[in-house]
K.L.:
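Got a structure for you, written out below as C-alpha cells; questions coming shortly.
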Amino acid sequence: MGSLGKDDAAASSGEGGGGGSSVVLAVNGVRREAAGVHPSMTLLEFLRTQTPVRGPKLGCGEGGCGACVVLISKYDPATDEVTEFSASSCLTLVGSLNHCSVTTSEGIGNTRDGYHPVQQRLSGFHASQCGFCTPGMCMSIFSALVKADKPGAAGDAAPAPAGFSKLTCSEAEHAVSGNLCRCTGYRPIVDACKSFAADVDLEDLGLNSFWKKGADRAGVDKLPAYSAGAVCTFPEFLKAEIKSSVEHQTNDVPAEIAGHDGWYHPKSIQELHALFDANWFDETSVKIVASNTGAGVYKEQDLYEKYIDIKGIPELSVIGRSSKGVEIGAAVSIAKAIEVFSDGTPVFKKIAGHLSKVATPFVRNTGTVGGNLIMAQRLWFASDIATVLLAAGSTVTIHTASKMLCLTLEEFLEQPPCDAKTILLSIFVPDWGSDSVIFETSRAAPRPFGNAVSYVNSAFLAKTSGDSASGDLLIEEICLAFGAYGVDHAIRARKVEEFLKGKSVSAPVVLEAVQLLKGVITPSEDTTHPEYRVSLAVSFLFSFLTSLGKDLVEPAKDIIPNGSGANGIMNGSAESLPKKVASDDLPIRSRQEMIFSEEYKPVGKPITKAGAELQASGEAVYVDDIPAPKDCLYGAFIYSTHPHAHIKGVNFKSSLAAQKVITVISAKDIPAGGKNVGSSFPGIGEEALFGDPVSEFAGQNVGIVIAETQKYAYMAAKQAVIEYSTENLEPPNLTIEDAIKNNSYFQIPPFLTPQPVGDFEQGMSEADHKILSGEVELASQYYFYMETQTALAIPDEDNCITIYSSSQIPEVTQNVVADLLGLPYHNVRVITRRVGGGFGGKAMKGCHVACACALAAFKLRRPVRMYLDRKTDMIMAGGRHPMKVKYSVGFKSDGTLTALHMDLGINAGISPDVSPLLPSAIIGSLKKYNWGALAFDVKVCKTNVSSKSAMRSPGDVQGSFIAEAIIEHVASTLAADTNAVRKKNLHGYESLTKFYGDAAGDAATYSLVDMFDKLALSPEYQSRATAVKRFNDGSRWKKRGISCVPITYEVRLRPAPGKVSIMNDGSIAVEVGGVEIGQGLYTKVKQMAAFGLADLVSDADDLLDKIRVIQADSLSLVQGGFTGGSTTSEVSCEAVRESCAALVERLKPIKESIEAKSGEAAPWSALIAQATMASVNLSAHAYWRPDPGFLKYINYGAGVSEVEIDVLTGATTILRSDLLYDCGQSLNPAVDLGQVEGSFVQGVGFFTNEEYSTNADGLVINDGTWTYKIPTVDTIPKQLNVELINSARDQKRVLSSKASGEPPLLLAASVHCAMREAIRAARTEFAAESPLTFQMDVPATMADVKELCGLDVVERHLQSLSADGAKA
C-alpha cells in the first residue's frame, strides 16, 4: 500500500462513524468523503477532480477500453471477508460506493514507496510506449493476480511456486482482453502478465531487461519479486467504521427521505415502491441503477438529479440452487452468474462459457444480468445473455406497480417496453440434466474473447432419443434462439422448430430447415451487413444440426490439425474426444532476433523506455493530469450534423444540463486583427476553426460551450439545437465520384508532384497480356490514440497566453494560435511534455483544440481546458485518406511487368491539410516493384467531409497495398505462384536507381531482395505452404492462406534543434524540438547525450541516470518543426550530438588539467565543479541540418503471414506472422522492436477490422468502442516473430541507424494477402465463379470475407449432398 497520505488516513479514521449523509470511501488507503458532489458524478471524475489520483484515465467513457480500470473492494462485517474486483471507474457512480475501498495504480506502487512488480515488469518487458493505457493495464493484471491468489480461490490447489502467482498463462492472456492499447501490439504486455503465471516457461518470454535472451538463464529470481497479498486492498480504519455503523444502525429512517445527496438506497421492494410514489419521482430526472454499466451503451442525454440504487434489495441478489434449476437475482453481476453456472451441468457450463464472452472482465464484474435483460427488453439491446437464456427455457419474475408476475423470458421480451417502475426481480434457469440433451451456443463478433457486440448470436437446445431400428437420433423437442441480427430482441425460430420436431437429421432435412430459417431471420432496414447476418444464422443452425445427423460431418470435426465448434465440443461427448485447441484459443507466442552493438554505447543498447515505470504507476503527467488552475473553465465543441448549410443560430433545449452553460464562444469572439483559423500547414493551406457563416462538413465546429466542469460541458453541448438553411447552396460533394464530376480538387504544388517512369505506351506494346480495368478501394482509418485531443490555455499578463497541448507540432500550434488571436508569435507559448498517442492525429487536428481553448481563455480572461469525449473526437478527427484506384497493367507470360497506369482518387475532405503530400508517398511505396514503365493520374479531391490528415505511414501504406493487389491480379490471371511474380519484379540495383533516384543510396544498402528470399524462398516457408495446401484439402469449413510481402519506405531527413545544459551538480537537462509520443524519442536522445559526452567520463553508461529530457516548449527552443515522418528521433539525436560535441570541446582542457595534477581519471562532479568555477558556458545549442546530398533514404522489410478463415462466419485468425525489418544499426533495439510490432498491429487493424462508417451526410457513425474495433489481445497473431536486420553501414545516416516508426505498418498487407489466398481456397472448394480473381478491398472485415467465400455455401453444400443422396 502506498504511504501517500497515510497520516491523514489515521487522523480521519475515527470520524463520521457513518452517520453523515455523504459517501465515505477509502482511496489508496486514505479516507475520502464525496461531500457536495453532483449525484451523477462517476468514480473516475471523483478520483481525478477531488483527489490527487491521476492514474485512471478517460479513454472512452463506455467501459470499452480499460484506461480507467481500478480495483474496488467491499467488506462484509458479518463474515469478516473482503471481496475485490476490477471495475470501469468511468461508469461506476461514486454515490454507489459508500464504505468501499478503491485502489488505483498509484496505490499499488509509486515513486515514493517503490514500484509494484506489475509496474516493474511492464517496464522491463518494454510494454509501455505512450503510456496512457498502462495504468489501466496494470490494474487489470493486478486484479487478475488478486483474484487468482485469493485464499480459497481456484479450488485452493497447491500453493504457487515461489515468486509466481496461481494465475495460468491462459488467464494471463484473458486478463487484459478488455484493455485497448494502440502503441505496443500487445505482445510485450502479455509477456509481462505471463511472467507471473505458475505454468509459464520463462524462456518463452520476449525481449526484456531482466536477462539477455539466448545468453543468460531466464529465472524467476531475476524478475522483480512478487508475493501475493503484499498490497492491502481494504484499510482497517474503514472496517472499524463499517462495524461501528452496523452497531448503531437504526431502521427508522424511511428510504424516501434518506437521500440528502440525491441518492436513495431502498432496502426492500416496499421501500422502492414508496420512492416510486413520492411526488418528486420523474423518469426524466431520476435514474434507477444497479451498476450503471448501461450508461456505456445508452449515453445519458441530460443530467439526472436523483438516483435510486436497487442493489440493497435482498430479492435482487438472491442465488438459489435446487434440483429444478438455478435462480439468479437481477442485480447479480454477470461475473458472479458465470461462477454459479460454471459449477453445474453441461447446459449450465455452456451458458457460463458464453457469458464469459460478453463485454470485458471489468464490466462483467459490475454489470448485472438483470440490467442486460432490461436493456434487451426496453431498449432493444443486442444481448447475448437474452438469447442464451431464452434457449435454456428461462423464466423471469417481475414486479410491476401493482403485482408480481412470473413470465417466460420469451413473453417478457415480447411485451411492450417496460416502464421505469417495472422491476425485474430474478431469472430462473431450469436444470436440463445431461441425458439426451444437446445445448450449443454461438456468436460471431469481431473479437473472439468478447468486448464486441455480436453480428448474430444463437443458442440451441435439443432433446433427442435414439431410433433403435435405424440408429438415428430423433429430435423430440428443440428450441432455436437467435439474437442481435438486427431485430428488437432475441427470438425463437418457431417455424423451424415445428418442422424439425420428430425428425431425424439428414441433408434434405437440414436444407429445408435452413430455407425456412431464411424466412424467419429478417434484419430491420437500418441494419449493417443484413445478408451476412442471415448467412451467419444459417451457418450456426447448420453446424448444430449436422452434429445430430449420423451421416453428416459436422463442421467442428471436418478439420484435420486443430479446430472446434463455435463454442467448444458438443455436450455429452466432450469427455470421450481428444481435446483439440481451436485456432482462436491458441496461446500467444513470439520470437525476437536482433544484434546488439556495443560500438557507440550506451547508444545501441536495449535500455527500457525513459519514464516507463512512472507511466505504469499513473504518475506520468499528461495534459489532462495537470492540476486545474484557479477559476478554470471547461469547453466542449458544438458541431454541425449537416454537410453544407448556413448556420442560422444555435439554441439550447430546456433541460438540466442546459442550465450549466456559462457562455458559448463562436467566430464572433475572434479579436480584431485575428482570423478564423484552426490549423495551417506551412505553404499548403489552412482550415477554419469555425464553420461560419456556412458549415462545410458534418462534424465541423460551430461553437464552444463553456461550463464549470468538463462533464457539464459535454452534457451542455448535447443540448444544442442548430438551425440550418441550405438556401442558394450547391449540394455537397461527399465522395470521390462527386468531386470528379464537379471538378472539385486541391492542386498539388509542382515540387510535390511525383514523376512518371519510362514510356507507358511502349511498355504496353511489349506486353503478352493486359489487364485493362482493375479496381481496388481503400477506406479510412481513425487514429484511436488512447488520449483524445486535449489542451489547457492559461491567460497571462500583457496579452500573453500559455497553452499546454497534446500536440505533435507545438511550433505550428503556437503560430496558428497567434494568427487566430492576432498576436505576435512571442506572446504565445505552447508546452508539450508527452502525448498519449498521436500517429499523426495530434498534428494538424490537435491545433483546433488548442485554438478553441486559447480563444475562450483570451476572451474570458480565465483558464480554459478541453478534453474531447471519444465520440466528438472520432467525428472531428478525420483520419486516413480513403482512395479509389483504377489500373491497367501489361505483363509477359513469365510474369515480368512491362507497364502500369493508375487513376487514383484521394478523398481529402474540406481542407488541403497535408493531402498534397500524399501522391508522392503513394507512388513512392508503389515503386517497390519494377513496373517497367509507370504512369498515373492522381486527383486530390476536395469534398464536404472532415479533412483527412497524416496517419502513420500516410500514403505509403495505401501505395504498397495497391502494388500487392495488382501483383495478385497478375498472378491469378497467369495462374502463377504470387511469390514467384513478386520475386521476378523486385528491383535490381540499376532499376532501383531508375525508380528512386538519389534515395536509392549505395548498392550495399539495398537489402530487400535478400530479405524477401530469406523468407519466401526458405525451406521452412515451402514446407509451411505445403502444410497449408494439405490442410485446405482436408478441411472444408476452415481454410488457410500464407503470403509474403516486401516493402520499401522512403523517409526524409530535416533540420532539428537540440540543446544540452549541464547543471552545477553535474545533472544534465536536454531539450529537443521533437515530442515524446510513445516512440521512444526521449530514450534514444538520452542515450545519444550520454554517448556524446562519453569522452569526458570513464563509462558513458554512468551518465544515463544523470540525464533528463525536458518538455518541448515553443519559446525555449525555436524551430522545433514537427514530430512525424519517422525521422524525428534520429535528427533530434544528431542535434544533441552536435551540442554535446561543443560541450566536450569546452570541458576537455579542464579534464586534462585535473588529470595531469591528480594522475587519475577526473570524476564527473569534480570536472563540472571546476568548470563552474572557471565560468565555462555549460549550455550548448545546435541546429542540425542534413547534408544537401543526402536528404532521403529507403527502408526495407518483408513479412510472411499465415491465416485461417472460418468459411461459415468469415472470422479470421492470424496464426503466425514473421517480420524482417532492416533497422540499420539500431539506436535502441528494444524501442525499435516495439515500433515494428506496434505499427504492424495497427496496420492489421486497417486491413481487417476497423470499419470507418459514415451516414448519408458524411457524419461518422462508428463513433466509439462499441462500433469501431481496433485490434485487441485476441486478434493479434498467435505467433509473432520479429527479426531486426543490421544492414550495411552508411555513415551518411545517424550512426548508420534507420527509421522504425512507420515503415513496418506496411507489412500488415501480408495478412490481407494471406486472407485472399485462404478465400481462393474456399472459392475453389465451393466452385465459385472466378475462384482466383476477385476484388478485395480494405478493410476486409468478417462480413467481406464471408461474402467473398460465398454467402450461400451452406445451401450449395447441402444441395449437393441431397442430390448425391437421391442418386444413391
Side-chain angles (χ1 to χ4, degrees), residues 18 21 23 39-40 93 95-99 245-246 249-295 298 300 302-320 327-333 336 366-379 381 386 394-409 411-428 656:
S21 67
V23 169
S40 68
L93 296 166
S96 66
L97 294 179
N98 194 32
H99 288 160
S245 74
V246 169
Q249 201 166 39
T250 53
N251 289 329
D252 53 4
V253 183
E256 62 267 28
I257 58 168
H260 308 293
D261 53 358
W263 274 78
Y264 299 83
H265 304 275
K267 294 283 178 277
S268 67
I269 298 287
Q270 289 71 26
E271 289 192 3
L272 178 63
H273 277 284
L275 292 173
F276 288 161
D277 295 339
N279 57 6
W280 48 257
F281 184 81
D282 165 18
E283 270 186 61
T284 55
S285 63
V286 180
K287 188 173 186 184
I288 300 161
V289 290
S291 69
N292 199 48
T293 51
Y298 301 103
E300 293 176 0
D302 193 5
L303 293 169
Y304 287 95
E305 284 183 312
K306 295 182 171 64
Y307 285 80
I308 299 174
D309 181 1
I310 55 174
K311 277 205 303 293
I313 299 174
E315 291 92 328
L316 269 64
S317 298
V318 67
I319 294 174
E327 184 183 16
I328 288 205
V332 170
S333 72
K336 185 69 185 167
T366 55
T368 62
V369 177
N372 185 289
L373 293 179
I374 281 284
M375 289 198 306
Q377 201 277 347
R378 188 187 291 161
L379 303 165
F381 175 61
S394 308
T395 55
V396 298
T397 305
I398 61 172
H399 202 294
T400 66
S402 53
K403 55 184 184 297
M404 194 114 84
L405 290 175
C406 190
L407 305 170
T408 65
L409 181 54
E411 289 165 341
F412 173 65
L413 292 171
E414 284 174 352
Q415 282 194 332
C418 295
D419 66 358
K421 295 183 180 181
T422 299
I423 297 294
L424 175 62
L425 296 180
S426 64
I427 301 99
F428 177 78
L656 288 167

K.L.:
Working to the nearest 0.5 angstrom, can you tell me the gap between Ile310 CD1 and Thr368 OG1?
P.N.:
7.5 Å
K.L.:
Judged by atom type as modelled, is there a donor-acceptor pair below 3.5 Å linking the side chain of Tyr264 to the main-chain atoms of Leu275?
P.N.:
no
K.L.:
Under the 3.5 angstrom rule, does the side chain of Gln377 hit a backbone N or O of Phe412 as a donor-acceptor pair?
P.N.:
yes
K.L.:
How long is the gap from OH on Tyr304 to CG on Asn292, to the nearest 0.5 Å?
P.N.:
9.5 Å
K.L.:
How close do Leu97 and Val23 get, heavy atom to heavy atom, and via which atoms?
P.N.:
C-CG1, 3.9 Å
K.L.:
Looking only at heavy atoms, what is the nearest atom pair of His273 and Thr400, with distance?
P.N.:
CE1-O, 3.6 Å
K.L.:
Please report the C-alpha distance between Leu409 and Ile427 in whole Å, then the side-chain angles of each, then the deciding distance to 0.1 Å, and finally whether the side chain to side chain contact (heavy atoms under 4.5 Å, CB included) criterion is met.
P.N.:
CA-CA 8 Å; Leu409 181 54; Ile427 301 99; 6.0 Å; no
K.L.:
Dump the intermediate steps for salt bridge (Lys or Arg N to Asp or Glu O under 4.0 Å) on Asp309 and Lys311, then the final yes or no.
P.N.:
CA-CA 6 Å; Asp309 181 1; Lys311 277 205 303 293; 3.7 Å; yes
K.L.:
Indicate the atoms forming the closest heavy-atom contact of Ala331 with Ser317, along with that distance.
P.N.:
CB-OG, 4.4 Å
K.L.:
Might you point out which heavy atoms bring Glu327 and Ser426 nearest each other, and give the distance in Å?
P.N.:
OE2-OG, 2.9 Å
K.L.:
Could you go through Ile313 and Glu271, starting from their C-alpha distance and side-chain angles, then the distance that decides it, and tell me whether this counts as side chain to side chain contact (heavy atoms under 4.5 Å, CB included)?
P.N.:
CA-CA 9 Å; Ile313 299 174; Glu271 289 192 3; over 6 Å; no
K.L.:
Would you say the side-chain atoms of Glu411 pair up with the backbone N or O of Leu407, donor to acceptor, closer than 3.5 Å?
P.N.:
no
K.L.:
Could you pull out the closest heavy-atom pair between Glu283 and Asp419, with the gap in Å?
P.N.:
OE2-CB, 4.4 Å
K.L.:
For the NZ atom on Lys336, are there more than 12 heavy atoms of other groups (residues, nucleotides or ligands in this structure) within a distance under 6.0 Å?
P.N.:
no
K.L.:
Does any part of the side chain of Lys421, heavy atoms only, come nearer than 4.5 Å to the side chain of Phe281, both counted from C-beta?
P.N.:
yes
K.L.:
Please round to the nearest 0.5 Å and tell me the distance separating atom CZ of Phe276 and atom CD1 of Ile269.
P.N.:
8.5 Å
K.L.:
How far apart are the closest heavy atoms of Val369 and Ser333, and which atoms are they?
P.N.:
CG2-O, 4.2 Å
K.L.:
Has Asn372 got a side-chain atom pairing as donor or acceptor with Met375's backbone, closer than 3.5 angstrom?
P.N.:
no
K.L.:
Quick one: CG on Leu424 to CG on Leu316, what's the gap to the nearest 0.5 Å?
P.N.:
7.5 Å
K.L.:
Using side-chain heavy atoms (C-beta onward) and a distance below 4.5 Å, is Asn98 in contact with Trp263?
P.N.:
no
K.L.:
Quick one: pull up CG in Leu656 and CG in Asp302 and give me the separation to the nearest 0.5 Å.
P.N.:
5.0 Å
K.L.:
Any side-chain heavy atom of Ser96 within less than 4.5 Å of one from Val289?
P.N.:
no
K.L.:
Once you round to the nearest 0.5 Å, how far does NZ of Lys403 lie from CD1 of Ile398?
P.N.:
8.5 Å
K.L.:
Would you mind reporting whether Glu315 and His399 have side-chain heavy atoms less than 4.5 Å apart?
P.N.:
no
